[in-house]
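Remarks on the structure that follows.
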Amino acid sequence: MEPILQVRDLHTSFLTSNGEVKAVRGVSFQVEKGKTLGIVGESGSGKSVTSLSILKLLGSTGRVTSGSILLDGEELIHKSKKEMRAVRGGRIAMIFQDPMTSLNPLLPLGDQVGEMIWAHDKKITKQQRQEKVLELFRLVRIPEPEKRLKAYPHEFSGGMRQRVMIAMALACKPELLIADEPTTALDVSIQDQILKLMRSLQQEMGMSIMFITHDLGVVAELCDRVVVMYGGLIMEEADIIDIFQSPMHPYTLGLMASIPDMNQDKRKLLKPIPGSPPDMIHPPQGCPFAPRCPYAMRVCTQELPPYAQTGANRRSMCWLLHPEAPAEGNPFKQGKEEAK
Ligand SMILES: Nc1ncnc2c1ncn2[C@@H]1O[C@H](COP(=O)(O)OP(=O)(O)OP(=O)(O)O)[C@@H](O)[C@H]1O
Ligand SMILES: [Mg+2]
């Protein structure tokens, strides 16, 4: 499989009055063509900054200090603002958590989607544009699309607005869709409908998706592969089946214990991981998770662990996986010792 997106050793910082926030500290991953990669982690782990780095939307204080971002083999790092505008909304589309902030409250939704189509094809006639908008509304399963063309954002529910956002994102047939917590603000049942919609669209259109969420349960429903982030680093990366069958990082174990029950009305965390995320101005010199890790050893607070290969196509950054790590009390070695 060829990758549509390859991120290599990405470092991103923000300059603030308190110092340099090292939000992303050397992240590498790729999104395969036609596949969905999940990026999961708690608040502040660097998920959004990673996607904003790819899109060059970091604002005036943020900057990619090193690394490489290849879109279908083409380097994005050195592209100008103008070139990146063409990439965004053209080759890469994005949807965010709150559609209200991205929609114009004063313009009918049909017109907003129409504008998006026009932006990428100035020769299209009004009639053709309307047809295309209807086609997109049908694609994202908006009921009675003809009646909805003239509706304003406030007349739509949150779930319907998110469908419009997806329609806008798909208007230009992107090679890659970046979705940053697109269902977080929705009720569980609506959230589930949007995830199902995204999954079927992905299958119909063969799109590649980078899906950002703090919820491993959502990852399980939608993704082929997952990257687990913490403290601006990738703690674990694996195929979805592997990570649920045998999580190989204490942070992943912690996230799994906190997966909410899909049948519950309120998505409350079952067992949140105690403690709080690291200070990214002075990140710890060792593993960023060590202060909260129930298995932390002395080395964990002293030195960043190297990546350990934990299977054919997976890796984890944890000292417990080091060949010389003790087996006693080690959740990743105990089973193996007993099996001997
Ligand atoms: N504009 C900014 N200026 C300074 N620091 C920032 C800025 N944007 C993000 N950060 C910091 O970068 C780190 C990573 O933030 P990021 O938004 O990527 O987290 P996230 O994983 O997306 O979290 P969430 O789940 O809350 O969206 C955090 O420590 C955050 O405070
Ligand atoms: Mg975020």
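Because the structure is a prediction, the values reported are computed rather than measured. Start at 1 and go down the list; that is how both ligands and their atoms are numbered.
Near ligand 1, heavy-atom contacts under 4.0 Å come from Phe14, Thr16, Val21, Ala23, Glu42, Ser43, Gly44, Ser45, Gly46, Lys47, Ser48, Val49, Glu181, Met280.
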Pairs of donor and acceptor atoms involving the side chains of residues 273-284, under 3.5 Å and at least two apart or interchain, shall be tabulated with distances.
{"unit_1": "Asp279", "atom_1": "OD1", "unit_2": "Ile281", "atom_2": "N", "d": "2.8"}
{"unit_1": "Asp279", "atom_1": "OD1", "unit_2": "His282", "atom_2": "N", "d": "3.4"}

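Defined by atom type and a distance below 3.5 Å, a donor-acceptor pair is missing between the side-chain atoms of Thr65 and His11. With 3.5 Å as the limit, one finds no donor-acceptor pair spanning the side chains of Thr183 and Gln162. Side-chain contact annotation: Ser48 with Asp180, donor-acceptor N/O pair under 3.5 Å present. Between the side chains of Ser200 and Gln203, not a single donor N or O lies within less than 3.5 Å of an accepting N or O. Glu237 and Tyr307 form no side-chain donor-acceptor contact under 3.5 Å, judged by distance and modelled atom types alone.
The Mg ion (ligand 2) does not have Ser43 among its coordinating residues (no N/O/S atom, backbone or side chain, under 2.8 Å).
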